[in-house]
Trainee: 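Dumping the structure here so I can ask a few things about it.
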Amino acid sequence: IALADRALAGVGDAVYIDVLERHETLRAWLAGRGFVPQRPFTRMAHRRDAPFDDPDRVMAIAGPELG
């Protein structure tokens, strides 16, 4: 949350953050700052059963529009 707070302090335009649903504390903090859900986001992988990363350490991810 401290990292998000610092990052958002320097942003003047609209911001979209894809936050995993499991991170309720971060989602609640963002809601308190005026963020509202815009769309669901599902991370998918072809022919891979295991995640690429540790889901407990991933808080927010880049959206598909960033490639």
Trainee: Can you give me the closest heavy-atom contact between Glu21 and Arg27, atom names plus distance?
Mentor: O-CD, 3.6 Å

Trainee: Nearest 0.5 Å please: distance from the CG atom of Leu26 over to the CZ atom of Phe35.
Mentor: 9.5 Å

Trainee: Consider only side-chain heavy atoms of I, L, V, M, F, W and Y, link residues closer than 4.5 Å, and tell whether Leu3 and Leu20 are in one cluster.
Mentor: no

Trainee: Please round to the nearest 0.5 Å and tell me the distance separating atom CD1 of Ile17 and atom CG of Leu30.
Mentor: 5.0 Å

Trainee: Taking all atoms of both residues into account, what is the closest heavy-atom pair of Asp13 and Val11, and its distance?
Mentor: O-CG1, 3.5 Å

Trainee: With rounding to the nearest 0.5 angstrom, report the CD1 to CZ distance, Ile1 to Arg33.
Mentor: 11.0 Å

